[in-house]
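Numbers restart at 1 for each chain; the letters A, B, ... are given by sequence-line order, proteins then strands. Quantities reported herein were computed from a predicted structural model and do not represent experimental measurements. Keep in mind that the numbers below use all heavy atoms, side chains included, and drop hydrogens, waters and symmetry copies.
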Protein chains: 2
Amino acid sequence: MDTLARTADDVELDRLNGALGFLLRLAQLKVYEHFFAEVGGRDLRPGEFSVLWVIRCNPGIRQSMLGQRLMIKRAHMTKLIRALEDRGLVSRCIPDEDRRAVELTLTAVGRTAIDEAAEWFFTYEDGVGANMSAAERKQLLDLLHKFIGL
Amino acid sequence: MDTLARTADDVELDRLNGALGFLLRLAQLKVYEHFFAEVGGRDLRPGEFSVLWVIRCNPGIRQSMLGQRLMIKRAHMTKLIRALEDRGLVSRCIPDEDRRAVELTLTAVGRTAIDEAAEWFFTYEDGVGANMSAAERKQLLDLLHKFIGL
DNA sequence: TAAATATTGTTTACAAGGAAACAATCTCTC
DNA sequence: GAGAGATTGTTTCCTTGTAAACAATATTTA
């Protein structure tokens, strides 16, 4: 508490060690660091990949639902989708049943792009948590599923 | 794969279900949502709280080390600290041993503020993961510690 | 059916956070 | 000890993401 920390591991976190939200934030920052170190040079960021992937798995999904599932706010989703549309990866379609909504599908180019990206993306993802045993990693996955409510 | 998702739970994530980085991002977004819903009106955000808390636990800690531990980049740390200094919570001191560095301590006001904030902050943190059993929550904490390398 | 309310996506204006270039200081090597 | 290189913090500019107001369409209520 009163000895000055000389190295990063000496830093005392005290009660933050038991703070779940805090640890999740740190974990996520570590993931990002890892991501940009390994595959930062690619043309898809994590958010963009997940959007394309989910559209691929759910063709015709509406923007609002995509946002709900990926926890992306509407204002931001609009920009993301427009950028992907401008790159020719996604196409937007307004359904007759609800002319406010937008239904999303991949273009042929988008499908090719995501299939190609999936190779390196999931390879990278498999490397996340490489400092844990397979059993621990699996346990962490399961607990996160439960935490998220998925 | 080809049935259009009607509700958010119907959205198929497929391989993303096993992607640790992706799940951590989702978990963290859920934490933030929870935070702003519950204690968003307070005058300290999660990042600010953690900075003040760690300074409290490690008086005289240097900016660089604080940033390393909390994974906050130097450019951003500068702004954070200046804002906290402007609010009279933190004081900066340049040590004689290394005149490039900045050593951080709390002001009396800062100490009072963080002690007061700690009440609601940790109460809030205890509510994170309330949908899990105590054992699961503990397990998640331990696994995150290991994942982060703490 | 007409008016009130809710939902969906967009726009605009801003806050949070990062990358790169910089200045100051320290350390290492010769 | 003089110069090369590393470290620390700051500044500037840019990207990512959000909040709030808005427009268009649906739904509910009277």
Side-chain angles (χ1 to χ4, degrees), chain A residues 5-8 25-26 28-37 40-41 43-51 60-87 90-104, chain B residues 5-8 25-26 28-37 40-41 43-51 60-87 90-104:
Chain A
R6 295 266 159 230
T7 132
R25 188 158 68 92
L26 235 50
Q28 211 257 326
L29 289 173
K30 201 192 168 199
V31 168
Y32 259 66
E33 199 170 85
H34 186 219
F35 180 90
F36 287 112
D43 53 355
L44 286 179
R45 253 95 34 65
E48 294 172 330
F49 179 89
S50 64
V51 163
I61 191 175
R62 300 207 176 160
Q63 230 171 271
S64 57
M65 199 162 316
L66 182 60
Q68 275 176 51
R69 180 77 297 169
L70 298 181
M71 301 222 237
I72 297 173
K73 299 283 186 301
R74 279 172 308 159
H76 184 39
M77 183 61 81
T78 295
K79 295 181 201 175
L80 269 178
I81 295 300
R82 176 155 48 217
L84 294 173
E85 194 186 18
D86 288 348
R87 288 168 66 181
V90 164
S91 84
R92 295 149 35 96
C93 170
I94 290 159
D96 279 345
E97 318 91 76
D98 188 342
R99 314 228 357 268
R100 297 167 301 181
V102 174
E103 290 181 352
L104 303 167
Chain B
R6 294 267 159 233
T7 132
R25 189 159 66 94
L26 236 50
Q28 211 257 327
L29 289 173
K30 201 192 169 199
V31 167
Y32 259 65
E33 199 171 85
H34 185 218
F35 181 89
F36 287 112
D43 53 355
L44 287 178
R45 252 94 36 65
E48 293 172 331
F49 179 88
S50 63
V51 163
I61 191 174
R62 301 209 174 157
Q63 228 170 273
S64 57
M65 198 162 318
L66 182 61
Q68 274 176 51
R69 181 76 298 170
L70 298 181
M71 300 220 237
I72 296 173
K73 298 287 185 298
R74 278 173 308 162
H76 184 39
M77 183 62 80
T78 295
K79 296 178 202 175
L80 270 177
I81 295 298
R82 176 155 50 216
L84 294 172
E85 194 186 18
D86 288 348
R87 288 167 67 180
V90 164
S91 83
R92 295 148 35 97
C93 170
I94 290 159
D96 279 345
E97 319 91 76
D98 189 343
R99 315 225 358 268
R100 297 166 302 180
V102 175
E103 291 181 350
L104 303 168

Boundaries of the chain A footprint along DNA chain C (any atom under 4.0 Å from a heavy atom): C:dA6 to C:dA13
Interatomic distance, A:Arg74 CZ vs D:dT18 P [rounded to whole Å]: 12 Å
Heavy-atom pair with the smallest gap, counting every atom of A:Phe49 and A:Leu44: CD1-CD1, 4.4 Å
First encountered from the 5' end of DNA chain C, between A:Phe36 and A:Arg92: A:Arg92
Among D:dG17, D:dT8, D:dT11, the one nearest B:Thr78 by side-chain distance: D:dT11
Close side-chain approach of B:Gln63 to B:Thr78, heavy-atom, < 4.5 Å: yes
Separation of D:dT25 C1' from A:Arg62 CZ (nearest whole Å): 12 Å
Separation of A:Leu26 CG from B:Gln28 CD (nearest 0.5 Å): 10.0 Å
Rounded distance in Å - CD (B:Glu33) to P (D:dG17): 15 Å
A:Asp86 and A:Arg82, any side-chain heavy atoms less than 4.5 Å apart: yes
Residue closer to the 5' end of DNA chain D, A:Lys73 versus A:Glu97 (nearest nucleotide): A:Lys73
Which atoms of nucleotides 12-15 of chain D (N or O only) lie under 3.5 Å from a protein N or O atom, and what are those distances?
none

Close side-chain approach of A:Leu29 and A:Glu33, heavy atoms under 4.5 Å: no
side-chain contact (heavy atoms from CB on, under 4.5 Å) between B:Val51 and B:Leu104, intermediate numbers included: CA-CA 10 Å; B:Val51 163; B:Leu104 303 168; 5.9 Å; no
Beyond-backbone contact of B:Arg25 with A:Met71, side-chain heavy atoms, under 4.5 angstrom: no
Steps toward side-chain contact (heavy atoms from CB on, under 4.5 Å) verdict (A:Asp43, A:Glu48): CA-CA 9 Å; A:Asp43 53 355; A:Glu48 294 172 330; over 6 Å; no
Length of the CE-P vector between B:Met77 and D:dT7, whole Å: 18 Å
Separation of D:dT25 P from A:Arg100 CZ (nearest whole Å): 10 Å
Test log, rule side-chain contact (heavy atoms from CB on, under 4.5 Å), inputs B:Arg62 and B:Val102: CA-CA 5 Å; B:Arg62 301 209 174 157; B:Val102 175; over 6 Å; no
Rounded distance (Å) that lies between atom C1' of D:dT16 and atom CG of B:Leu29: 12 Å
